[in-house]
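Sequence lines set the chain letters: A, B, ... in the order given, protein chains first and strands last, and positions in each chain run from 1.
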Amino acid sequence: MPYDPANSEPRWQQAWDEAGTFRAVRDERPKYYVLEMFPYPSGRIHMGHVRNYTMGDVVARYKRAQGFSVLHPMGWDAFGMPAENAAMEQGGHPRDWTYANIATMRDQLKPLGLSIDWSREFATCDDGYVAQQQALFLDMLEAGLIYRKAAVVNWDPVDMTVLANEQVIDGKGWRSNAPVERRELTQWFFRISDYADELLTSLDGLDGWPEKVRLMQANWIGRSRGLQFRFDTVNVPDVPQIEVYTTRPDTLLGASFVAISPDHPLARSLEADAGVAAFNAAARKLGTSEEAVETAEKLGLDTGIRVRHPLDPDWQLPVWIANFVLMDYGTGAIFGSPAHDQRDHDFAVKYGLPIRATFGKPGMTKAEADALVAAEPFVPLKSEPVTYVRGFSGEADQTGEAAVAAAIDHAEAAGYGEGVTKYRLRDWGISRQRYWGCPIPVVHCRKCGTVPEAKANLPVLLPRDVTFDVPGNPLDRHPTWRQATCPRCGGEARRETDTMDTFVDSSWYYARFTAPHAQTPTDRADADYWMNVDQYIGGIEHAILHLLYSRFFARAMVRTGHLPEKSAEPFAALFTQGMVTHEIYLTRDDRGRPVYHLPEDVRDGKLADGTPVEVIPSAKMSKSKKNVVDPVNIVQSFGADTARWFMLSDSPPERDVEWTASGAEAAAKFLARVHRLAEETGAEDREDADLTRSAHRAIDEVTRAIEGFAFNKAVAKLYELANAIGRSQASGEPRRAVLRIAAQLLAPMVPHLAEDVWKLSGGTGLAVDAPWPIPDPAALVQDSVTLPIQINGKRRGEITVPAGMAQAEIEQAVLADEAVRRHLNGQAPRKLIVVPGRIVNVVA
RNA sequence: GCCCGAGUGGCGGAAUGGUAGACGCAGCGGAUUCAAAAUCCGCCGCCGCAAGGCAUGUCGGUUCGAGUCCGACCUCGGGUACCA
């Protein structure tokens, strides 16, 4: 019987199903919790999903074979904007669209044969999940973790609606094309910044996380030590002082201007002036994203106001409004030190402000330092020693770090400022003026003010009868939904119409999976047993926001009693996988615009009519570029195992992988070859010690590759094992014994084929239940080693010696080597380096 | 702009500071076949007849020895707080 995945894959899936193989149960085994970031139900699964879930499945099946009780769940990150956009574009209801997508994607996912406990599946828009998330919200509110304050949003003045940053394109609304304004709204916030220091210092303990993610989070939290002080204004009685925060107080004598945010109270108070009003209005049209603000042209406006320098009351500095100073950071005001900051330097040059060096390279005079910074700022590392030419505290020769500390000491002693620690991390605004999200369970009572909904009244569910034919929040204009009863006084109240940021939904789903049907957010016994997630797998794009919010949320859940102490860090290990890419094929129309073509319409770089196509390699798959490969087609034509095998081959998991038709065919060919090998084992029993040794080396190497998340290397080792089996003369039971090892090693990656091979080679029961093999140590020892010989660092020969040969003996053998004698030409070597078991280098 | 990554044959990639190119794809040659597909075997970084030389994005440094460590730069990708 040839390899026939279309027939065998569903059969094995049914066998696992009937045996309840993947149901996660609490028992006496040690537990292992594998979680892949759950998908947004966008419509269809794509190759990125296949790759992500296959990787998780390898880990889950491998750990299961090692005797762990494995929890490997799946769910849906189901609230979010695309459902509302679909309703606006095609009509229909976001709820129907979402659940239909979930049904489609579940049907597409199941044939992949993932070892998922489907009984735990949920969507974040399910009434049960909404109910428990609202209960969590109320507990967090009571614990003082939530508050309201004013914050700015992108406002589309034509559509009269709030826009997400991605809906703002070049400062304009994506539908209306109207210039976006910043508008202040009162919004709900989580006090994540209360945990800034803990979230930062705890990163050190996350050994199972990639260093790059910890670094990104640390930079995001951005702890800084600096000086907070005040400039006294000159003749502005309403605003006697401007509060400033700086991380470089050592450059205070190099200050040449003060810059305030267009949203600074002083800037606002000056808007009676038409010039200021126009400048501020233009600045507010940049939208709210940091990227837009920071990449926009740096512009300033001199207010005419002057402030006194704190170290010299006779020295006055101009106050400018600058479009790059954000009200959200620090105090919304800075002083510019052009000599030692690129942005300030650009600003000073543009507006003709003075550039005075505070320090120069070691030993420089004041004149030399000023010359140094005239054209370019001098910005050395803070740890480098420099010479202060306009210092006022500490030594003249010191590092920036020492100078900053000395400047803070000076300010505190003299009483004009104080050293403070600040964080870049801001509180988490969760209010969304949108329909398709979890309602915030609060009412506004005329008498009692803002009152939390009573837990007995949960869940607060979204009304079904809404339409999306006009922009804006349907909850706001619903005829009855907003009418509520105040839980405190029983009087008339108005329901909160903001819904929660969808990052809230994904900040605790991992905890909910431990008890998805509980009538409380979590079940204590289940959480105690299953938490924490032992291996979390997902895209690097979530390195900061999702993972930081989840780390905060876990702490909030510990504080409100929903998770045990040990769960403050919910993800013990994290792996970030790369994207699946595909070439883009395009031709040009008569006006030079690109016309994209589907991969199946392109053969040998040409269309069917012979037109050659341009090829863009390694591009992120996107529908509009027509370079999407649908996993369903791949599974139908080659089988799930081929899709899985290819997604694990070649590229290391953390890097992008390019989908190619030839790669998929190669994967299919290999799997068919393995199947053939299992069918042709021969009747007569014949041993092959070399093959057995190869099999045990493969156990060792594949095990280590899986442990190290190097699935591409595990694949390479399995190719080698298959090649060894193909070459070997072993037959009968000895050959089948090796094939059973191969089946076990293949099982986490291509589980269906592994079952075929297991059965063909005489395995008992299911391969999925076979314990992970352990290599025979005797098969792993090497009795001789080949050492390359370098002469002056260049490889000139090699020598094979018994393993463990004494160094002196190796040296003798090397000196006797012909190539060495030829190069040494009778001279004694200057140096002879023997790295045991590795290499020999002769320095002539 | 700022933060974080990545860059190695025609292609995907391998390589605790120690033989650069494991394994696979493509290509080339052969076997099998009436023929083809499939399968099996062999070759395969570049230049060179060879000896040898050149090669891990670019330039410089540390080292007996650098793809790996350090510095500067280039290109591409992720994030940038309301995409998920």
Notebook entry, point to check: Does B:C2 have OP1 or OP2 sitting under 4.0 Å from an N or O in the side chain of A:Asn219?
Noted result: no
Next item on the list: Would you indicate which nucleotide in B:U80, B:A20, B:C4 comes nearest to any side-chain atom of A:Met216?
Entry: B:C4
Note to self: Nearest to the side chain of A:Phe503, heavy atoms from C-beta on, is which of B:G53, B:A14, B:A84?
What the structure shows: B:A84
Note to self: In whole Å, measure the gap between the C1' atoms of B:C47 and B:G60 for me.
What the structure shows: 26 Å
Notebook entry, point to check: Are OP1 or OP2 of B:G13 and a side-chain N or O of A:Ser651 less than 4.0 angstrom apart?
Noted result: yes
Check: When the P atoms of B:U68 and B:C23 are considered, how many whole Å apart are they?
Finding: 24 Å
Notebook entry, point to check: Rounding to the closest angstrom, what is the interatomic distance between B:U39 and B:C46 at atom C1'?
Noted result: 33 Å
Check: Do the side-chain N or O atoms of A:Arg795 get closer than 4.0 angstrom to the phosphate oxygens (OP1, OP2) of B:G65?
Finding: no
Margin query: Could you tell me how far apart A:Ile540 (CD1) and B:G77 (C1') are, to the nearest whole angstrom?
Written below: 11 Å
Item checked: Under 4.0 angstrom between A:Asn165 side-chain N/O and B:A81 OP1 or OP2 -> yes
Item checked: Nearest-Å distance once atom P is located in both B:C54 and B:A20 -> 13 Å
Next item on the list: Starting from the 5' end of RNA chain B, give me the residue, A:Val657 or A:Asn841, whose nearest nucleotide shows up first.
Entry: A:Val657
Item checked: Nucleotide B:C2, atom C1' - distance to CG of A:Asp341 in whole Å -> 12 Å
Checklist line | Phosphate OP1/OP2 of B:U80: any A:Ser289 side-chain N/O under 4.0 Å | finding: no
Check: Below 4.0 angstrom from OP1 or OP2 of B:C25, is there any side-chain N or O of A:Lys669?
Finding: no
Check: B:G61: syn or anti, with syn meaning chi within 90° of zero?
Finding: anti
Margin query: Salt bridge check, A:Lys212 against A:Glu654: does any charged N sit closer than 4.0 Å to a carboxylate O?
Written below: no
Item checked: From B:U80, B:G24, B:C83, nucleotide with atom closest to A:Leu545 side chain -> B:U80
Margin query: Between A:Arg704 and A:Glu707, does any NZ, NE, NH1 or NH2 come within less than 4.0 Å of an OD or OE carboxylate oxygen?
Written below: no
Check: In whole Å, what is the span from the CG atom of A:Leu163 to the P atom of B:C83?
Finding: 11 Å
Note to self: Please report the distance, rounded to the nearest Å, between CG in A:Asp501 and C1' in B:A81.
What the structure shows: 9 Å
Note to self: Testing the 3.5 Å rule here: is there a donor-acceptor pair between the side chains of A:Asn165 and A:Ser289?
What the structure shows: no
Notebook entry, point to check: Could a donor-acceptor pair under 3.5 angstrom be found where the side chain of A:Arg838 meets the base of B:U16?
Noted result: yes
Margin query: OP1 or OP2 of B:G7 versus the side-chain N and O atoms of A:Arg655: is any pair under 4.0 Å?
Written below: yes
Next item on the list: For A:Lys794 and for A:Tyr719, locate the closest nucleotide of RNA chain B by heavy-atom distance; then report the residue assigned to the nucleotide nearer the 5' terminus.
Entry: A:Tyr719
Note to self: As a test of reading the structure: which of B:G5, B:A14, B:U80 is closest to the side chain of A:Lys713, going by heavy atoms?
What the structure shows: B:A14
Notebook entry, point to check: Can you tell me how far P in B:C74 sits from the matching atom in B:A84, rounded to whole Å?
Noted result: 34 Å
Check: A:Arg796 side chain: which of B:G53, B:G13, B:C64 is closest?
Finding: B:G53
Next item on the list: Classify the side-chain pair A:Asp505/A:Gln133 by whether it contains a donor and acceptor separated by less than 3.5 Å.
Entry: yes
Next item on the list: Go through B:C4, B:G13, B:G78 for me and flag the one nearest to the A:Glu541 side chain.
Entry: B:G78
Item checked: Whole angstrom value for the distance that separates C1' of B:G79 from CD of A:Glu290 -> 10 Å
Margin query: Salt bridge check, A:Glu294 against A:Arg343: does any charged N sit closer than 4.0 Å to a carboxylate O?
Written below: yes
Next item on the list: Nearest whole angstrom, please: distance from the P of B:C83 to the CE of A:Met37.
Entry: 17 Å
Margin query: Roughly how many Å apart are B:G77 and B:C28, using the P atom of each and rounding to a whole number?
Written below: 34 Å
Next item on the list: Name the orientation class of the two ring planes belonging to A:Trp436 and A:Phe79 (parallel below 30°, tilted from 30 to 60°, perpendicular beyond 60°).
Entry: perpendicular
Item checked: Gap in Å between the two P atoms, one belonging to B:A15 and one to B:A6, rounded -> 14 Å
Next item on the list: Determine the Euclidean distance between corresponding P atoms of B:C49 and B:A66; express it in Å to zero decimal places.
Entry: 30 Å
Item checked: Check: A:Lys350 and A:Leu299 side chains under 4.5 Å, non-hydrogen atoms -> yes
Note to self: Expressed as a whole number of angstroms, how long is the span from A:Met81:CE to B:C83:C1'?
What the structure shows: 5 Å
Note to self: For A:Lys172, I'd like to know if atom NZ has over 12 heavy atoms of other residues, nucleotides or ligands within 6.0 Å.
What the structure shows: no
Notebook entry, point to check: Of all the choices, B:A84, B:G13, B:U19, which nucleotide is nearest to the side chain of A:Gln790 once you look at every atom?
Noted result: B:U19
Margin query: Rounded to whole Å, please give me the gap between CZ in A:Phe575 and C1' in B:G5.
Written below: 13 Å
Check: When you measure from the side chain of A:Arg676, which nucleotide among B:G13, B:G12, B:C40 comes out closest?
Finding: B:C40
